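Reading through the structure tokens given below for one structure.
Because the structure is a prediction, the values reported are computed rather than measured. The basis for the numbers below is simple: all heavy atoms, side chains too, and nothing from hydrogens, waters or symmetry mates. Throughout, numbering of the chain's residues begins at 1 and tracks the sequence. Just follow the structure's listing: the first ligand is 1, and inside any ligand the first atom is 1.
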Amino acid sequence: MTNIVPVELGERSYEVRIGPGLIDRAGAEIAPLLRRKRVAVVTDETVAGLHLARLTVALEAEGIAVAALALPPGEATKGWPQLARTAEWLLEQKVERRDVVVAFGGGVIGDLVGFAAAVLRRGVRFVQVPTTLLAQVDSSVGGKTGINTAQGKNLVGAFHQPSLVLADTGALDTLAARDFLSGYGEVVKYGLLGDAGFFDWLEGAGPALAAGDAAARLRAVTRSVEMKAGIVARDETEEGERALLNLGHTFCHALEKATGYSDRLLHGEGVAIGCALAFELSSRLGLCSQEDPSRVRAHLRAMGMKVDMSDIPGDLPGAEALLALMAQDKKVIDGRLRFILARGIGQAFVAEDVPGDRVLRLLTDARR
Ligand code: GLY
């Protein structure tokens with residue numbers, strides 16, 4: 001079964017197709033986009049080992065010639081050197097403006113290859129084939145592309161919407177449990193930010209989802225993508241509502257910086273801890289009930305996820321140093337602390353003027 005979620009952006013509209021087996025049908029799915037029967041696929045070595053042969057067979061079965069480049073796996077790939085390598089490889093493959101580039105992998109590959117496609121010959125079309133849960137529910141949809149620099153994450157990039165997204169939920173079966181749960185942090189985020197009924201459902205279905213229930217996975221990815229597609233269609237360039245997708249992210253970014261973007265904390269783990277902190281802060285500010293943060297934490301705990309800062313191995317900086325890391329976050333406008341807070345589960349909003357001392361107190365307590 002394939003679910004189709006449209007992303008309505010006028011002449012840049014596209015579909016996110018979600019379901020098991022899409023990699024094996026990629027040739028038939030992508031062929032209608034092609035003006036000549038060839039594609040350049042950029043992936044990483046891990047995904048290449050697991051899935052590239054299947055993708056190539058599927059494309060070639062439709063008479064599509066495939067050139068493929070496999071980059072090293074990991075966040076370090078998302079920088080200038082591999083961007084240059086990718087762009088020059090695409091030029092060597094004689095990719096032209098009418099061609100299509102395929103980004104095949106997780107968030108690092110999607111962001112890097114999307115950005116390469118955005119700048120190559122001033123913009124070529126690209127197809128996202130996300131293989132991780134995080135990429136399927138978040139980074140492959142919505143057109144944010146970019147790389148990290150010495151100054152920070154995602155500071156160089158472009159909005160460049162894909163022409164199609166193929167989210168093969170069967171690919172999630174090859175993810176390590178920790179990577180799956182990290183992506184699940186983003187799934188929970190959608191319930192928390194805008195769909196209390198979805199969060200209710202996740203509380204019941206979460207364990208089956210983690211254990212590999214294909215129908216539950218399809219439903220969770222589809223609902224997440226529906227929510228993201230709706231938000232992106234209403235606010236493509238993050239002038240307003242799209243900022244809600246950053247629920248938990250200001251805390252997360254500070255914790256990621258504090259842990260050196262290392263294996264100590266995966267992005268989705270930081271999002272989960274950040275969501276718990278955002279609800280705690282909301283409750284302390286009298287915005288939501290005290291039960292809400294407890295419920296968020298209980299679900300994350302039941303899923304075996306990191307919930308508290310103390311779940312992060314190794315030492316963390318003190319509360320003041322963490323607050324300073326938050327103030328560097330690019331979402332802080334004119335020095336004011338901007339957070340995504342909530343009036344309840346499924347009711348997130350942008351709070352522009354959060355008092356720094358309340359955040360400091362929260363962090364001090366959370367560090368205990
Ligand atoms: N990942 C947040 C966004 O796409 O806006």
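- Ionic pairing of D365 and R368 is present here: one or more N-O contacts between side-chain nitrogen and carboxylate oxygen are shorter than 4.0 angstrom.
- Between R223 and W201 the shortest side-chain heavy-atom distance does not fall below 4.5 Å.
- For R264 (side chain) and P313 (main-chain N/O), a donor-acceptor pair under 3.5 Å exists by modelled atom type.
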Using a cut-off of under 3.5 Å, which N/O atoms of ligand 1 pair up with protein N/O atoms, and what distance separates each pair?
{"unit_1": "ligand 1", "atom_1": "1 (N)", "unit_2": "D138", "atom_2": "OD1", "d": "3.0"}
{"unit_1": "ligand 1", "atom_1": "1 (N)", "unit_2": "D138", "atom_2": "OD2", "d": "3.2"}
{"unit_1": "ligand 1", "atom_1": "4 (O)", "unit_2": "K228", "atom_2": "NZ", "d": "2.5"}
{"unit_1": "ligand 1", "atom_1": "4 (O)", "unit_2": "R242", "atom_2": "NH2", "d": "2.8"}
{"unit_1": "ligand 1", "atom_1": "5 (O)", "unit_2": "K144", "atom_2": "NZ", "d": "2.9"}
{"unit_1": "ligand 1", "atom_1": "5 (O)", "unit_2": "R242", "atom_2": "NE", "d": "2.7"}
{"unit_1": "ligand 1", "atom_1": "5 (O)", "unit_2": "R242", "atom_2": "NH2", "d": "3.3"}

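- Classification of R297 and D308 as a salt-bridged pair holds, one side-chain N sitting under 4.0 Å from a carboxylate O.
- The shortest distance between side-chain heavy atoms of V187 and L133 falls below 4.5 Å.
- Note on E269 versus R178: salt bridge recorded, some NZ/NE/NH1/NH2 to OD/OE distance being below 4.0 Å.
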